[in-house]
Amino acid sequence: MLVNPPGLDLSSSHLRLLTARIRERRRAIGSRWRRLSAGRQALLTLAHLRNAHPYAQLAAGFGIGTTTACRSIVEAVDLLAALAPTLEQAVREASRKAFVLLDGTLLPIDRIAADLPFYSGEHKKHGLNVQVLADPAGRLLWASPALAGAIHDIRAAREHGILGALASADIPRWADKGYQGAGPAARVPFRGRCENLPVGRQAVNRSQAKIRALVEPAVATLKNWRLLRKLRCSTTRITSLVQAVLTLHLTCSN
């Protein structure tokens, strides 16, 4: 088998961060020997997250078994996910901004038509709903745990407690029509087709659309990690993957 080493468009700070966490974990549990060094395990995990290389391909490239590759990646992902900020921490950070942007995105998964809880009627595909908070510059502040794709954005925001947390902190917040009914917790466009609205409401909706467009770079930040573009793992693992990516982004972009 011919295997090319994974090309990673990441900075060395990503590798140093994860390597340090793996070493701390090994010292804590008294692990004496592993097939991979801490640095190699970190590289293996980053290759999986960034380039979506499957376990079998990575195992061949790193000279280990597929089971070892899977366990190493799961362990490293969990270490990163544990460092992700909570909603309360994100709200404290957002309180220092002029306003915050709230949006939902669908992470596609490989499910069949029978898996209705994961089917999003809006996107016409199976996936998981993740809520995103961004600052006025479009920088990602927080990403929520993943919920089934059939759940609408406003329900997801309520289940995560996002609307209440932002309202309590009195942070100006902007959202799209998917959050209609959120009351004063979110500033949303007027309901209805643009051509059927009065001229004044059309102008308001256009102005709000320009503001809400700033959230797109934050959503793109998640999906720049190719693994999140089409997930083929257990749905119970996806929240950990999202939180791991969030940790890497926030820690290594500051």
Side-chain angles (χ1 to χ4, degrees), residues 8 10-53 55 58 62 64 67-94 104-105 107 109 128-135 139-148 156-157 159-162 165 218-219 221-228 231-254:
L8 292 176
L10 298 173
S11 68
S12 58
S13 59
H14 294 87
L15 184 61
R16 289 196 300 269
L17 168 69
L18 184 50
T19 300
R21 294 296 176 266
I22 292 172
R23 285 174 178 159
E24 291 175 4
R25 167 68 176 170
R26 292 183 180 185
R27 284 195 296 267
I29 64 176
S31 180
R32 295 185 177 181
W33 182 85
R34 297 282 188 97
R35 286 281 296 171
L36 294 174
S37 66
R40 294 283 286 173
Q41 183 180 353
L43 183 62
L44 173 78
T45 305
L46 293 175
H48 179 64
L49 291 174
R50 191 66 168 181
N51 293 338
H53 292 316
Y55 293 141
L58 289 170
F62 282 80
I64 57 177
T67 301
T68 301
C70 177
R71 289 176 178 172
S72 298
I73 291 171
V74 168
E75 178 187 43
V77 166
D78 288 344
L79 290 174
L80 289 172
L83 300 175
T86 63
L87 176 59
E88 291 73 19
Q89 291 171 327
V91 169
R92 283 198 297 270
E93 176 66 21
T105 187
L107 302 182
I109 59 175
L128 289 169
N129 181 302
V130 172
Q131 299 293 296
V132 170
L133 289 178
D135 70 8
R139 290 184 291 262
L140 180 64
L141 295 176
W142 182 76
S144 74
L147 295 176
E159 288 195 16
H160 294 307
I162 300 171
V219 175
T221 294
L222 289 178
K223 296 189 176 180
N224 278 341
W225 296 78
R226 295 177 184 87
L227 187 69
L228 299 183
L231 290 149
R232 295 177 173 84
C233 61
S234 169
T235 55
T236 61
R237 293 291 309 159
I238 294 177
T239 291
S240 293
L241 293 171
V242 172
Q243 299 300 304
V245 168
L246 178 64
T247 295
L248 287 168
H249 170 72
L250 294 179
T251 306
C252 301
S253 62
N254 294 333

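FYI, the numbering just counts along the sequence from 1.
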From L18 CG over to L10 CG, what is the distance, rounded to the nearest 0.5 angstrom?
11.0 Å
Taking all atoms of both residues into account, what is the closest heavy-atom pair of Q131 and A156, and its distance?
NE2-CB, 3.8 Å
Using a 4.5 Å cut-off on heavy atoms from C-beta on, say whether the side chain of L43 contacts that of F62.
yes
Could you tell me if H14 and S11 have a donor-acceptor pair between their side chains, going purely by distance under 3.5 Å?
yes
Is the closest side-chain heavy-atom distance between L248 and L46 below 4.5 Å?
yes
Whether the side chain of H53 engages the backbone of H48 through a donor-acceptor N/O pair (distance < 3.5 Å, no angle test) should be reported.
no
Sole residue of R21, R26, R27 in side-chain contact (heavy atoms from CB on, under 4.5 Å) with R23
R27
Heavy-atom pair with the smallest gap, counting every atom of L133 and I162:
CD2-CG2, 4.3 Å
Please give me the minimum heavy-atom distance between A76 and I22, naming the atom from each residue.
CB-CD1, 4.2 Å
Flag the pair R71 / V74 as yes when at least one side-chain heavy-atom distance between them is below 4.5 Å, and no otherwise.
no
How about I64 and Y55: do any of their side-chain heavy atoms sit closer than 4.5 Å?
no
With side chains defined as the heavy atoms from C-beta onward, is the minimum distance between L231 and R237 less than 4.5 Å?
no
Enumerate the salt bridge (Lys or Arg N to Asp or Glu O under 4.0 Å) contacts for residues 30-40, please, sequence neighbours excluded, ordered by first and then second residue.
R34-E75
Which value, rounded to the nearest 0.5 Å, describes the distance between W225 atom CH2 and L241 atom CG?
11.5 Å
So for atom CZ, which belongs to R25, do other residues, nucleotides or ligands contribute more than 12 heavy atoms lying within a distance under 6.0 Å?
no
Could you pull out the closest heavy-atom pair between S144 and H160, with the gap in Å?
OG-NE2, 3.4 Å
side-chain contact (heavy atoms from CB on, under 4.5 Å), paired with S72, selected from L44, T45, V77:
L44
Contact between L140 and L246 at the side-chain level, heavy atoms closer than 4.5 Å - yes or no?
yes
Results of side-chain contact (heavy atoms from CB on, under 4.5 Å) for A146 - residues two or more places apart only
L128, V130, I238, T239
Smallest separation among heavy atoms of T247 and L83, with atom names
OG1-C, 3.6 Å
Shortest non-hydrogen pair, L141 vs A134, comes out as CD1-C, 3.8 Å
Which residue is it: V219, N129, L228? I am looking for the one with a side-chain contact (heavy atoms from CB on, under 4.5 Å) to T105.
V219
